Amino acid sequence: MLALAQDELKQILAHSTISQYGYVVTLYGIGGATAAGAATLYVLAHAIAKSALFMTAGAVTVATGESKLSRLGGLRRRMPALAVASGVAAATLAALPLTLGFSKDELFFAAATEHGRAVQLLAVGAAALTVAYIGRFWLGLFTGPLQTQPSAPVPPLLLAPIVVLGALAVVGGIVVEPFARLAEDAAAATYAGPLEVAPAYHAELGSENRMALAAWALGALILVVPRVRAPLVGAFARAGERAGPRRWYALSLLWLNRVSDWAHDREVRDLRNSIAAVLVPAAVLIAIALAVTPTRGSYEVGPVALGDLPIIVLLGLGALAAVTAARDRGRLQPVLALSVLGFALAGVYAMVGAPDVALVAVLVETVLAYVFVGVFARLPPATVRRPRRRARNAVIGAAAGASAFAAIWGALSRPTATTGVAAEHIERAPEAHGGDVVTVILADFRGLDTMVEVTVLAVAVVGVASLLSRGRAW
Amino acid sequence: MSLLFALAAAVLFGTGAYLLLDRDLVRVVFGVVLVSQAAVLTLVASGLTRGAAPIYPLSRGPVSDPLSQAMALTAIVIGLAVTALLLVLVLRVVQAYRSEELAEVAVREAEREARLERLHEREHAEEEAAAR
Amino acid sequence: MSVILEVVCPRLLGPAAMVAAAIIVKGYSDVGDGFSAGVVVALAVALRYVTLGAERAERSLPVLRHAPVLAVAGLLLVLAIGFFPVAFGEPPLTHFPRAGEPVVEIGALELTTAVALDVGIFLLVAGALVETIHQIARLVEERRA
């Protein structure tokens with residue numbers, strides 16, 4: 001209803017979207033197989049038509065620099081292709097025949113008819129309103145005297161999708177079958193049972209067709225007679241402003257805003273507190289779990305052979321490097337310590353039979369050192385000042401470390417009894433034409449993981465590049 | 001051996017957590033690096049079998065678990081991506097707010113936001129006046 | 001900067017590229033994969049940037065300017081190989097030739113789509129990291145200026 005009064009193009013469309021989804025909710029509210037099928041077809045048709053109309057609004061605004069309906073008009077001659085394409089889209093929304101929209105309203109009316117006269121009347125009223133505001137949108141844009149001279153032609157890239165969507169709507173109106181199948185599948189999911197979406201043109205004057213005719217007539221009436229329209233809409237809009245959803249919406253928005261401000265404040269001021277708030281309860285939970293589960297025998301030191309000595313030394317070196325990185329408050333020293341840690345761990349990986357991991361770890365560590373040093377060239381030197389609450393952080397860190405120790409040791413000393421998929425991976429690698437099982441897993445058996453991984457890498461680098469170059473890639 | 005692996009991973013995680021709680025944003029990045037190293041170490045250590053590298057021709061003895069290695073590789077790469085992005089983000093924050101102290105950044109951001117809000121309100125009022 | 005560095009570092013790119021190629025070719029049957037090959041190349045490039053500076057490094061090797069293109073091409077290659085089998089009704093990432101079928105071999109290189117995937121990863125990683133290195137080198141030079 002409010003769409004009739006709006007002047008801003010996109011606001012008309014936005015209000016209309018609200019009302020269209022009102023139909024869909026109504027349909028689901030009516031219930032039953034017919035309604036569920038109708039609702040999905042409705043969403044489909046609406047998606048096609050409304051995206052075309054939104055793009056029309058955008059194209060018109062781009063071309064004329066104007067976004068108010070009252071200042072636009074008569075664009076039919078200037079943009080004939082756009083007028084036709086968006087006209088089709090509008091016709092779909094208004095449910096004129098030969099478009100996908102006709103089927104959607106037909107099913108809508110059929111569902112309403114199943115539920116008695118009152119629903120039928122409401123449906124006709126709603127459809128009439130749709131005809132009215134969409135008609136107003138399109139007629140206002142493209143007919144009448146030329147109001148604002150378009151300063152630029154509509155870019156073809158903007159026009160093409162509108163034309164495609166319009167064509168889709170017409171095709172759907174004539175050959176409705178594929179769309180109906182699509183809707184059927186979707187509706188079956190929501191209705192939890194098979195159902196049939198069978199729109200068709202009925203030549204006889206069934207109740208659906210009569211309802212459609214009534215809706216068009218009523219809509220045209222509202223559209224053509226502004227004197228009927230203005231006071232009606234005005235009164236409704238005023239009532240809405242005063243007590244309607246809009247006011248409630250504004251109020252709730254205000255309150256939500258306040259709540260989110262408050263939460264944001266807390267969060268920003270106390271990021272560290274929120275990290276602590278994750279770590280401490282996690283430690284407490286693990287401690288509780290340890291206290292209540294019988295742990296006798298579930299922890300194993302594991303066999304230590306003499307040949308493991310280098311691994312032990314390297315692990316110790318890594319731990320020392322980590323502590324150094326944490327204790328030193330400079331800039332470069334922690335980076336050096338982190339590099340030592342990385343290389344020590346790479347050595348460990350090489351010795352436990354994971355040469356692939358070791359190779360990548362060494363390479364990544366080197367790149368990371370380069371990135372750190374490069375970024376530090378632009379960072380101000382570390383301010384050496386006595387940190388507050390250092391003891392508190394140390395206690396929390398120790399708690400986190402202790403809980404991690406308990407959890408990791410527990411996990412490592414209890415390997416699952418059954419053989420994992422690893423054996424199978426090893427066995428099948430030659431079949432996949434590969435000798436290095438790890439690489440075969442990465443490229444073949446678990447290739448999707450790798451794909452997502454490299455995508456993450458690409459996205460991160462795009463982020464780095466755009467952050468460093470202030471928007472320009474080169 | 002599993003005790004030692006767990007001990008080392010726990011030290012890494014603990015120091016990482018300690019650094020995450022620091023007020024200096026750069027040290028928070030160090031903390032992220034340490035925590036991700038702890039995760040990778042745990043992954044590699046959690047291989048069900050240990051032995052020679054899983055590369056054909058296989059040696060006769062036990063072979064290391066290739067699956068956990070593949071996962072560790074993925075973790076390392078994503079750790080690199082995240083760390084680089086985080087570091088550059090910190091750099092930009094430090095340049096924008098002229099401080100790497102978390103508390104100061106928060107205060108400056110609050111100030112800036114308040115200023116923006118006032119500006120916005122003024123614009124809004126002007127618009128309304130123009131509409132009348 | 002010492003003379004030795006100036007002379008040696010730029011000439012390391014060729015050997016590094018060789019190593020990267022070897023890692024990819026042998027990757028499927030020995031240690032290494034597209035990722036490590038990409039990082040090797042990126043590190044060699046980083047050495048150039050460190051010794052020559054961003055400006056000279058890019059003038060002497062104009063390919064470096066197109067690193068983002070390389071990265072995007074790699075990503076597209078990876079995605080294409082991953083989802084290409086879907087067009088034939090196979091699950092994504094089905095590799096050809098199938099298990100047990102004969103493979104075309106050129107020396108140690110076995111031509112399978114998995115190797116092509118690795119090449120895509122190599123391009124993506126090398127391009128992305130070189131781009132990062134370029135940005136950081138510029139960052140350092142801005143400070144010097």
Side-chain angles (χ1 to χ4, degrees), chain A residues 350 354-367 369-379 428-455 457-469 472-474, chain C residues 23 26-36 38-40 42-43 46 49-50 65-68 71-72 74-75 78-79 81-83 92-95 97-101 103 110 112 114-115 117-118 120-121 124-125 127-129 131-144:
Chain A
D356 280 286
V357 184
L359 176 64
V360 169
V362 166
L363 293 171
V364 161
E365 212 51 55
T366 318
V367 172
Y370 176 89
V371 172
F372 267 115
V373 172
V375 167
F376 285 169
R378 296 304 296 273
L379 275 178
R428 305 190 75 153
E431 275 181 52
H433 313 291
D436 183 352
V437 185
V438 176
T439 312
V440 174
I441 290 177
L442 282 177
D444 199 337
F445 300 153
R446 301 185 69 89
L448 275 178
D449 284 9
T450 309
M451 208 177 248
V452 175
E453 165 205 331
V454 292
T455 313
L457 185 69
V459 170
V461 168
V462 168
V464 168
S466 55
L467 273 173
L468 283 184
S469 62
R472 282 177 299 116
W474 280 96
Chain C
I23 289 179
K26 288 164 60 74
Y28 226 53
S29 49
D30 211 334
V31 177
D33 52 10
F35 181 82
S36 24
V39 185
V40 166
L43 281 177
Y49 271 99
V50 169
R65 286 185 194 281
H66 302 295
V72 171
L75 184 60
V78 169
L79 291 178
I81 288 176
F83 291 104
L93 277 160
T94 310
H95 284 308
R98 309 292 289 275
E101 288 167 16
V103 186
E110 300 185 333
T112 66
V115 172
L117 185 84
D118 240 16
I121 294 176
L124 168 64
V125 170
L129 287 183
E131 166 70 11
T132 309
I133 287 164
H134 158 85
Q135 292 292 355
I136 286 172
R138 256 197 23 198
L139 208 66
V140 175
E141 271 177 16
E142 263 173 41
R143 175 178 164 90
R144 263 195 215 133

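These numbers come from the heavy atoms of this one structure, side chains and all, not from hydrogens, waters or symmetry mates. From a predicted model like this one, the values you see are computed outputs, not experimental measurements. Chain identifiers are assigned alphabetically (A, B, ...) following the order of the sequence lines, protein sequences preceding nucleic acid strands; residue numbering begins at 1 within each chain.
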Which atoms of C:A128 come close to chain A, meaning under 4.5 Å heavy atom to heavy atom: side chain ones, backbone ones, both, or neither?
both
Nearest non-hydrogen partners of C:L124 and A:A458, listed with the distance
CD1-CB, 3.8 Å
Under a 4.5 Å heavy-atom cut-off, does chain C meet the side chain of A:V371, its backbone, both or neither?
both
Can you tell which part of C:A42 gets under 4.5 Å to a heavy atom of chain A, answering side chain, backbone, both or neither?
neither
Check each atom of A:V454 against the heavy atoms of chain C and say whether the ones under 4.5 Å are side chain, backbone, both or neither.
both
What residue, out of C:V72, C:V125, C:I133, C:V40, has the most heavy-atom pairs lying under 4.5 Å from chain A?
C:I133
Apply the test side-chain contact (heavy atoms from CB on, under 4.5 Å) to residues C:L43 and A:Y370: give CA-CA distance (whole Å), side-chain angles for both, the deciding distance (0.1 Å), then the verdict.
CA-CA 9 Å; C:L43 281 177; A:Y370 176 89; 5.8 Å; no
Have a look at C:E131 and tell me which of A:L468, A:V461, A:V464 forms a side-chain contact (heavy atoms from CB on, under 4.5 Å) with it.
A:V461
If I take atom CZ from residue C:F35 and atom OG1 from residue A:T450, how far apart are they, to the nearest 0.5 angstrom?
11.0 Å
Is it the backbone or the side chain of A:L359 that comes under 4.5 Å from a heavy atom of chain C, or both, or neither?
side chain
Inter-residue atom distance A:L457.CG - C:T132.OG1, 0.5 Å rounding
8.0 Å
Measuring from atom CG of C:L129 to atom CG of A:L363, what distance do you get when rounded to the nearest 0.5 angstrom?
10.0 Å
